[in-house]
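First the structure, in the form of structure tokens, and then the observations on it.
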2 protein chains.
Amino acid sequence: MSDDSVALNKRRAFILATIVYEYIETAEPVGSHTLTQKYRLGVSAATIRNEMAELEAAGYLVQPHASAGRVPSDTGYRTYVDRLMEPVVLAVEDQRQIRNEFLAASRELGDLIENATKTLGRLTSSFAFAVTPAQQTAMFRHVQLIWFSDRAGLVIVVTALGVAAQRNFDVTRAVTADELTGLSNRFNATFGGKRFSEIQATAVREVVASCGLADELAEIVLGALAASVGDERTVVSSGTQHFLAQPEFHDLRKLRSILNMVEEQKALYDFVAEAMNTAGEAPVVKIGHELGDGDVSDCSVLAVPYRTSEDAIGMLALLGPRRMPYGKLLAILAGTANSLTDSLGQR
Amino acid sequence: MSDDSVALNKRRAFILATIVYEYIETAEPVGSHTLTQKYRLGVSAATIRNEMAELEAAGYLVQPHASAGRVPSDTGYRTYVDRLMEPVVLAVEDQRQIRNEFLAASRELGDLIENATKTLGRLTSSFAFAVTPAQQTAMFRHVQLIWFSDRAGLVIVVTALGVAAQRNFDVTRAVTADELTGLSNRFNATFGGKRFSEIQATAVREVVASCGLADELAEIVLGALAASVGDERTVVSSGTQHFLAQPEFHDLRKLRSILNMVEEQKALYDFVAEAMNTAGEAPVVKIGHELGDGDVSDCSVLAVPYRTSEDAIGMLALLGPRRMPYGKLLAILAGTANSLTDSLGQR
DNA sequence: CTTGGCAGTCTTGCCACTAGAGTGCTAAGA
DNA sequence: TCTTAGCACTCTAGTGGCAAGACTGCCAAG
């Protein structure tokens with residue numbers, strides 16, 4: 001760590017990159033001998049050994065046990081991703097294939113996101129997930145109170161993204177269908193096109209009062225509005241079975257812990273939450289312990305943002321073993337997110 | 001199979017039941033010796049051996065290999081479930097615990113079903129899933145056309161179960177917000193409270209025409225109505241990680257095939273689809289090869305129907321290893337489905 | 001019909017052993 | 001000063017043999 005930039009001279013960097021590359025391919029610790037055999041390094045195995053010892057001392061590599069080859073550490077992967085890896089450019093053919101996946105699909109937000117997640121999982125043979133965009137920045141479009149009976153109904157709040165909230169309600173004072181329709185129309189005339197943040201609770205109560213209706217209806221509508229802007233992001237995921245193909249998850253205890261995390265969804269959301277708020281267009285890469293301690297530290301997460309036509313931001317992401325083909329996956333991920341953004345923009 | 005009822009005399013039935021019971025508990029093939037030691041059978045191990053040989057010949061038991069104990073066959077489990085097992089009655093305490101799970105929850109259909117599935121998964125330590133009720137039998141409640149721009153909008157169809165369909169639309173002839181609102185009101189006045197089957201396409205077109213609007217709007221509404229009654233059942237599931245705890249799924253190939261099936265959802269739906277249509281209140285039990293060939297034949301499915309306030313039927317189900325505690329799981333499953341039906345009725 | 005005894009079979013765990021992969025160190029050469 | 005060949009050493013993974021244990025099936029006696 002001390003003389004970092006000095007320690008990582010050109011040759012060491014190349015050796016490190018080759019080790020990471022080879023380990024990603026084979027999942028086996030990489031030894032000096034195999035390295036000289038499979039790659040043109042121009043030096044002997046003994047030299048590689050010396051360099052490997054240096055790289056290990058500097059924290060880029062670790063040795064699972066004394067007579068084994070080397071494996072990249074978190075730092076090793078991080079250096080590889082940030083500085084050594086050459087970016088993969090998606091072939092035109094692959095690009096087109098991704099776009100085709102979006103053609104036949106429905107135009108609904110939820111369907112598009114689910115479709116993107118499935119496509120991504122399939123193309124990468126990895127576990128893929130998406131965090132849906134928050135409604136916060138969206139424009140209020142429409143509220144509709146629907147009459148079911150004298151004392152019960154349904155309230156729906158719509159944003160440009162679609163139905164943002166629906167909830168059944170009861171009232172203590174009887175209402176008619178016409179009263180609810182009238183109230184809905186008044187709301188929409190008053191608040192249509194405003195941002196949620198611009199809708200005052202007092203204004204909502206006034207509208208209800210001016211229609212001669214009980215205040216409880218105002219509370220119902222306010223509740224539904226609050227639910228719409230509430231952080232109602234959901235997580236969509238696909239491809240759990242891909243974990244099983246990875247040797248690092250053949251340990252059942254680990255696998256269980258990962259599956260549990262995936263099912264809870266909260267952890268997945270947390271991985272990308274920070275990135276979503278500070279997000280530029282840059283992909284997010286979290287490697288090993290950067291995700292937390294415990295069994296997740298064998299994993300990495302790649303994530304890129306996508307945008308709706310109203311600039312609401314969601315994240316499309318991959319979760320896999322730390323030993324993942326970062327370049328290729330980042331390319332496919334970015335390609336899919338672009339196509340998703342395009343599809344969402346065209347709606 | 002020939003002298004079935006003769007072959008399964010009282011003692012043999014008891015021995016079979018005990019073997020099934022013991023195997024469900026231990027997951028180890030049951031031998032004559034362990035059987036006499038752990039249970040009061042009143043006869044010696046040698047006698048048990050003779051009876052076991054008969055039971056195997058009659059197809060109730062199988063032997064994994066020559067020097068191993070016996071394991072129940074599909075027929076063995078089937079006989080156990082249908083004729084030998086004593087039904088488990090849920091303790092009042094457990095009943096109350098299940099009910100409590102539903103108290104704090106939201107009253108929305110989707111939330112209730114998801115909550116029931118999670119609760120069921122947790123209580124049984126098994127994989128649980130639910131098939132949502134179809135809208136077909138539901139009453140049409142409301143249709144709303146929402147104006148986004150001159151040429152674009154959103155149409156929403158509502159049934160008593162909530163929002164049944166929403167889709168964005170474009171129109172070639174410009175419309176105003178008022179026109180869409182007016183049309184919505186006309187639709188609701190005309191069709192409100194009818195069943196979907198009673199709504200004629202020609203009537204929809206007439207309403208649109210009588211408002212002086214383009215026929216394309218009629219097609220849009222008809223499309224949304226069709227989507228609402230379409231067999232839009234979905235499958236909600238919970239507890240994938242419980243598979244990993246079962247020794248029968250420690251084989252990764254098998255596990256993968258099961259996880260894959262679970263993610264596809266279609267297979268889960270198929271397991272209970274038939275039962276859903278012919279359904280009485282009776283629980284459905286499918287054992288091993290009754291589910292199909294391949295890796296599912298190591299599994300069993302338990303399913304019971306639940307009902308909404310409008311008598312739409314969904315299924316609540318468990319999928320686990322064939323070696324599952326049928327009595328206990330059936331009791332918890334039935335209890336949860338009852339609570340779910342109650343909660344849905346009270347909405 | 002039941003039962004104890006016995007021979008036979010198959011699995012499982014253990015141990016020792018070997019082959020192989022890989023390392024670090026040293027000393028010689030460039 | 002850097003590189004390299006050689007060597008001794010370490011650790012793992014795989015193999016074969018062996019003994020223990022768990023069952024069964026069969027037989028003959030009760």
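Just so it is clear: chains get the letters A, B, ... in the order the sequence lines come, proteins before strands, and each one is counted from 1.
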Fill in: Spacing of A:His33 atom NE2 relative to C:dG24 atom P, expressed in whole Å
16 Å
Worksheet item: Can you tell me how far P of C:dC25 sits from CE of A:Met52, to the nearest Å?
Response: 15 Å
Discussion item. One thing to verify: whether B:Glu248 and B:Lys254 come together as a salt bridge, which I'm taking to mean a side-chain N less than 4.0 angstrom from a carboxylate O.
Written reply: no
Worksheet entry | Polar side-chain atom of B:Thr79 near backbone of B:Tyr77 as donor-acceptor pair, under 3.5 Å | no
Discussion item. Whether B:Arg78 and B:Asp74 form a salt bridge (side-chain N of Lys/Arg under 4.0 Å from carboxylate O of Asp/Glu) is what I want to check.
Written reply: no
Worksheet item: Hey, where on DNA chain D does chain A first and last touch, going 5' to 3'? Cut-off is any atom under 4.0 Å from a heavy atom.
Response: D:dT3 to D:dT12
Worksheet, complete the sentence: Smallest heavy-atom separation, B:Val62 atom then B:Pro72 atom, equals CG2-O, 4.4 Å
List, with names and distances, any nitrogen or oxygen atoms from the protein found under 3.5 Å away from nitrogen or oxygen atoms belonging to nucleotides 4-6 of chain C.
unit_1	atom_1	unit_2	atom_2	d
C:dG5	O6	B:Arg49	NH2	3.1

Worksheet item: In whole angstrom, what separates A:Leu61's CG from C:dG24's P?
Response: 11 Å
Practice prompt. Check A:Leu55, A:Thr18, A:Val30, A:Leu41 against A:Ile48 for a side chain to side chain contact (heavy atoms under 4.5 Å, CB included) and give me the one that passes.
Written response: A:Leu41
Discussion item. Expressed as a whole number of angstroms, how long is the span from B:Asn50:CG to C:dT3:C1'?
Written reply: 9 Å
Fill in: Whole angstrom value for the distance that separates C1' of C:dC1 from CD1 of B:Ile15
13 Å
Practice prompt. Run the salt-bridge test on B:Arg256 and B:Asp295 with the 4.0 Å N-O cut-off and return the result as yes or no.
Written response: no
Discussion item. Would you say that more than 12 heavy atoms from the other residues, nucleotides or ligands in this model lie under 6.0 Å from the CD of A:Glu86, or not?
Written reply: no
Worksheet, complete the sentence: Considering only heavy side-chain atoms of A:Ser67, the closest of C:dA21, C:dT3, C:dC10 is C:dA21
Discussion item. Whether the side chain of A:Arg322 engages the backbone of A:Gly288 through a donor-acceptor N/O pair (distance < 3.5 Å, no angle test) should be reported.
Written reply: no
Practice prompt. Mind calculating the distance between CZ (B:Arg11) and C1' (C:dT2) to the nearest angstrom?
Written response: 8 Å
Worksheet item: For B:Tyr60, does its backbone N or O pair with a side-chain atom of B:Ser73 as donor and acceptor, under 3.5 Å?
Response: yes
Worksheet item: Over how many whole Å does the gap from A:His65 atom NE2 to C:dG22 atom P extend?
Response: 10 Å
